[in-house]
Amino acid sequence: MADPTDGELVGLTRGGAREPFGTLVARYQGHVYGLAYSLAGNWAEAQDIAQEAFVRAYVNLDQLREPERFAAWLRRVTFSVAMNWLKAHRPDVFGQLEGRVDLDTLEVPDFRPGPAEVVERRELAEAVLSAVGSLPPKYRVPLTMFHLDGLSYQKVADFLDIPLGTAKSLIHRARAKLKEALYPYAAPELGPVVQEVFNEHKLPEEFARKVLENVPTLGWGTGRECTFAGALEAALAPTAHPYTYTDIMGFSGLAFRVRWHHENDEARWCGSCAVGEMPEEIEAVQRATGWQFRIEVLFGDDATNVGRLAPDIAASINGDRPVLAYDKWLNMGVVYGYEEGGERLLVRSYSSDDLPPSFPASELGAPHHRLIIFLSERIEPLAPRAAAAEALRIAVRNWQRERFAPIPVEYWYGKAALEHWLADIGEAEDLPEDDRGKLGRVTWWNFAAMHDARKAAVTFLGEGAEALGGEAAKGLGRTADIYAEEVKLFDAVAAEPHVFGGAGAGWTAEVRRRERETLSRAIELEEKAIAEIERALEQLPVIG
């Protein structure tokens, strides 16, 4: 898909979106910084001028009559900010300009880089800066922009609104003048020398780096074992419409769900039975919260193209909207910052301690499976009573459906899931060691997810009872008590060594017997809880 034009980005920004302007900043920051330095002759001041120019452009964007002429307008804004700086800090120079800003007439006499501009006190570097500073502005401006941010001739021409041939000619003439000025140093290749000096004064990383510090840290053992719900809670935290982990678990139905997967002898057991980032759950969250998502799923060879989403990720973060994404272990995490215009990403996930501080966007997710979820627009959410009722209907549906394929993988749901889980544990003794190990690991993971989910259910039902009121509230109170009993059941078992602790030598026949007893009791409690939910729903015939 073609990159949006300047005019399109301006239109989106005027419509209230902030991230499109971030794209404009990334697109033109080198142009503005180079122009600012060529006028002010001071690196630090050039950064300040560039920052102020973009702020002034953003605030006054409604004054731009021709959005497609944004670059030319931004150039004039930058000139204006630079002239104000000269007026305040170098009034003698400003007075000689008489307000003129045309490249052919602009002169900045007596410009010489001072001590702060000497690069590591190297004589050649000082000479280069001095020589560049002595060039007439009509040469200094395009040369500085060309070398400072690696702009092409065409980009220099476009930003300065001059013909391509003129841009090339000015830069070549500037180099010729520099070569004469630097003749005593006998530099064999002038271009690399000039480029090296400018490289040392490029914009600092912070100028193009964006980090949303208010995104919470993620981690196991924090009462947020569903990585989808935990990552979404973290991503929404810095927005104007946050939702809690309990909200997300309840609205999605994850607080009440149990699944199990044992497709065939080849597929065996799949740890995905506990995850939350499935289409049904995502759609339910969108309806209840109003947040709409743009979802990118890349498999196989297509997964290698994840780097193409780097500009979109940067634009989303510029709009103060973190991005959800798989880490390399297929746990949902949050992209909360970027560097180098989005080419490198900063990610918080449940495995953050095992991730580098930043890494290339092309390495986001597992090598052959990438999932990226963007926070898009926000529409009117369901009313609290309707959202609570919808969550309860999802809970009943998941308990009753038995078998369903939300993705190309099919799962057992509800009572059927618990019964198949029980049966598989009962047959573990006869399995090969490797298969028994896989079953043990999935058993532990599914138990941990279910334990965490029912804790969320207890809290969500308390809040839902308040929203629904009347007889329905009493029924939800009883349901919460049943789930609280189930949580205590799991608490007691989880506290014992090896029970629901995964595979290995400790996963003995006796441990498996205890697990089966616990799951049998869980089935009884789940049936009672769902029956209470169904009775509560009968009290709500008018809620859609």
Side-chain angles (χ1 to χ4, degrees), residues 225-226 249 253-263 268-275 392 394-404 410-431 435-458 461 475 478-535:
E225 301 303 295
C226 175
M249 291 292 288
L254 291 168
F256 314 100
R257 193 193 71 182
V258 58
R259 297 192 311 187
W260 186 249
H261 173 77
H262 183 179
E263 185 69 25
R268 284 302 188 183
W269 304 277
C270 180
S272 66
C273 52
V275 304
L392 299 179
I394 293 172
V396 173
R397 181 195 65 197
N398 280 339
W399 178 256
Q400 295 176 342
R401 73 187 338 170
E402 291 195 1
R403 197 151 173 81
F404 179 66
E410 201 168 31
Y411 301 88
W412 298 101
Y413 277 73
K415 184 177 181 179
L418 289 168
E419 290 175 340
H420 279 80
W421 185 3
L422 268 168
D424 286 346
I425 294 176
E427 297 173 0
E429 194 68 27
D430 299 326
L431 294 173
D435 287 345
R436 187 164 57 248
K438 292 176 184 177
L439 174 59
R441 284 187 290 273
V442 175
T443 289
W444 164 77
W445 173 231
N446 218 38
F447 162 73
M450 190 173 174
H451 190 187
D452 171 76
R454 296 311 180 263
K455 292 178 183 178
V458 173
L461 288 169
R478 292 189 294 270
T479 308
D481 290 341
I482 296 170
Y483 282 132
E485 184 179 348
E486 188 174 4
V487 169
K488 289 180 180 179
L489 175 70
F490 290 157
D491 284 341
V493 178
E496 298 183 18
H498 305 303
V499 179
F500 287 106
W507 203 48
T508 63
E510 175 58 22
V511 169
R512 292 192 290 273
R513 185 188 66 78
R514 290 291 312 280
E515 291 176 346
R516 295 183 74 237
E517 287 180 352
T518 301
L519 289 177
S520 295
R521 176 57 179 156
I523 291 176
E524 297 174 3
L525 294 172
E526 292 278 328
E527 287 185 309
K528 289 175 60 178
I530 294 299
E532 288 288 356
I533 291 176
E534 289 178 309
R535 282 191 286 272

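Residues take their numbers from the sequence shown, with the count starting at 1. Model, not experiment: these values are computed from the prediction.
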Requested in this report: With side-chain contact (heavy atoms from CB on, under 4.5 Å) as the test, would you mind laying out the steps for L519 and F447 before giving the verdict?
Outcome: CA-CA 9 Å; L519 289 177; F447 162 73; 5.9 Å; no
**Report entry** Residues forming a salt bridge (Lys or Arg N to Asp or Glu O under 4.0 Å) with E427, sequence neighbours excluded
**Finding:** none
Query raised in the report: When rounded to the nearest 0.5 angstrom, what distance separates CD1 in I394 from CG in L254?
Result: 9.0 Å
Report task. Calculate, to the nearest 0.5 Å, the distance between atoms CD1 and CG belonging to I523 and L418 respectively. Result -> 5.0 Å
Query raised in the report: What do you reckon, are the aromatic ring centroids of W260 and H420 less than 6.0 Å apart?
Result: no
Would you list the atom pairs, donor with acceptor, under 3.5 Å between side chains in residues 481-488 and any protein atom, with sequence neighbours excluded?
{"unit_1": "E485", "atom_1": "OE2", "unit_2": "R521", "atom_2": "NH2", "d": "2.7"}

**Report entry** Student check: side-chain heavy atoms of L422 and I425 closer than 4.5 Å
**Finding:** no
Report summary line: Sorted by chain and residue number, the side-chain hydrogen bond (donor to acceptor under 3.5 Å, both in side chains) partners of S520 (sequence neighbours excluded) come out as none
Requested in this report: Report yes or no: does R454 contribute a side-chain atom to a donor-acceptor pair with the main-chain N or O of A255 at less than 3.5 Å?
Outcome: yes
Report task. Grab the two heavy atoms, one from D424 and one from L439, that are nearest each other, plus how far apart they are. Result -> O-CD2, 3.3 Å
Query - Basic-acidic side-chain contact under 4.0 Å: E517, R513 - result: yes
**Report entry** side-chain contact (heavy atoms from CB on, under 4.5 Å) between N446 and H261, intermediate numbers included
**Finding:** CA-CA 10 Å; N446 218 38; H261 173 77; over 6 Å; no
Requested in this report: Indicate whether any N or O donor in one side chain lies under 3.5 Å from an N or O acceptor in the other, for E515 and W507.
Outcome: yes
Query - Interatomic distance, C273 atom SG to W445 atom CH2 [nearest 0.5 angstrom] - result: 9.5 Å
Query raised in the report: What closest approach, in Å, do R436 and A428 show between heavy atoms, and which atom pair accounts for it?
Result: CD-O, 3.4 Å
Query raised in the report: Using 4.0 Å as the upper bound for N to carboxylate O, is an ion pair formed by K455 and E225?
Result: no
Query raised in the report: Heavy-atom distance under 4.5 Å between the side chains of M450 and W421, does that happen here?
Result: yes
Query - Heavy-atom side-chain contact between D491 and H451 under 4.5 Å - result: yes
Requested in this report: Hey, could you give me the CG/CZ distance between L461 and R478, rounded to the nearest 0.5 Å?
Outcome: 12.0 Å
Query - Straight-line distance of Y411 OH to R259 CZ, nearest 0.5 Å - result: 4.5 Å
Report summary line: OH of Y413 to CD of E402, rounded to nearest 0.5 Å, is 13.0 Å
Query raised in the report: With a 4.0 Å cut-off, would you call K415 and E526 a salt bridge?
Result: no
Report task. Using atom types as modelled and distance alone, determine if a side-chain donor or acceptor of W269 lies under 3.5 Å from a backbone N or O of V442. Result -> no
Query raised in the report: Can you find a heavy atom in the side chain of D452 that is under 4.5 Å from one in the side chain of F490?
Result: no
